[in-house]
Amino acid sequence: DQQVKQNSPSLSVQEGRISILNCDYTNSMFDYFLWYKKYPAEGPTFLISISSIKDKNEDGRFTVFLNKSAKHLSLHIVPSQPGDSAVYFCAASSGGFQKLVFGTGTRLLVSP
Amino acid sequence: DTAVSQTPKYLVTQMGNDKSIKCEQNLGHDTMYWYKQDSKKFLKIMFSYNNKELIINETVPNRFSPKSPDKAHLNLHINSLELGDSAVYFCASSQGSRTDTQYFGPGTRLTVL
């Protein structure tokens with residue numbers, strides 16, 4: 001039973017354009033959401049997060065949007081750069097401990 | 001300096017063997033985690049320790065036993081290895097509160113033949 005889903009396994013975008021990565025969740029108890037980025041042969045690195053009391057959080061080129069009623073969040077990268085090419089994981093948590101539930105990832109390729 | 005390190009990076013072994021993966025963090029964090037990323041790239045938490053105490057223990061075969069000798073180390077011992085144990089295992093650490101960032105190690109790729 002996959003509680004966090006990333007239905008697009010891959011996304012290709014041209015440099016300078018917007019990248020939009022999507023994530024859906026089923027557990028209504030989730031109240032904290034994160035995006036991690038992963039390069040080959042490395043561990044995931046934290047990118048940006050959002051609490052369920054917000055619907056948007058921005059950090060430089062990265063913005064995360066949360067739609068609680070639709071149980072959907074998205075990551076916008078503007079403008080996309082070739083160095084953004086990586087696998088992006090959506091994650092969610094609830095409760096007192098930081099038990100992250102990850103999606104299966106979306107591979108982003110930004111071409112020059 | 002590497003914040004979260006794991007050894008070994010690659011581990012190839014035969015079915016039935018016992019092996020250990022070591023993890024160390026130099027961030028002064030209170031909480032450490034083990035995750036498994038299987039062949040479908042699904043990253044799933046296995047265990048978490050806070051101040052050397054087990055706080056998260058997912059449905060993992062009891063052939064897997066984590067050991068935390070101190071706050072900076074969390075090792076994973078696996079008995080009687082099976083083919084299905086082949087995966088990438090990631091260690092992570094955080095300060096422990098709900099919104100603290102988890103920092104991941106580079107992963108250990110375990111291949112069971």
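Each chain gets a letter, A, B and so on, in the order its sequence line appears, and its residues count up from 1. What you see below is based on every heavy atom in this structure, not just the backbone, and it leaves out hydrogens, waters and symmetry mates.
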For this session: Take Y33(B) and S94(B), measure what side chain to side chain donor-acceptor pair (under 3.5 Å) needs, and give me the verdict at the end.
Result: CA-CA 9 Å; Y33(B) 312 79; S94(B) 75; 2.8 Å; yes
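- Neither the backbone nor the side chain of K44(B) comes within contact range of chain A; no heavy atom of the residue lies under 4.5 Å from a heavy atom of that chain.
- In this structure, the portions of L43(B) lying under 4.5 Å from any heavy atom of chain A include both its backbone and its side chain.
- For an aromatic pair to be called close, the ring centres must be under 6.0 Å apart, and F102(A) with Y36(A) satisfies this.
- For Q14(A), the CD atom is loosely surrounded, since the number of other residues' heavy atoms within 6.0 Å does not exceed 12.
- Checked for salt-bridge contact, D30(B) and K71(B) meet the test: a charged N lies under 4.0 Å from a carboxylate O.
- Judged purely by atom type and a 3.5 angstrom limit, Y32(A) has no side-chain atom pairing as donor or acceptor with the backbone of S49(A).
- Among the candidates S93(A), G103(A), G105(A), the residue making the largest number of heavy-atom pairs closer than 4.5 Å to chain B is S93(A).
- Of the residues considered (Y35(B), Y103(B), F104(B)), F104(B) shows the highest number of contacts with chain A, using heavy-atom pairs under 4.5 Å.
- Side-chain contact annotation: T31(B) with N50(B), donor-acceptor N/O pair under 3.5 Å present.
- Counting heavy-atom pairs closer than 4.5 Å to chain B, the top-ranked of the candidates K38(A), Q2(A), K99(A) is K99(A).
- With chain B as partner, the option from L100(A), T45(A), V87(A), L34(A) having the largest number of non-hydrogen pairs under 4.5 angstrom is L100(A).
- Top candidate by heavy-atom pairs under 4.5 Å with chain A, chosen from E58(B), R109(B), Q6(B), is E58(B).
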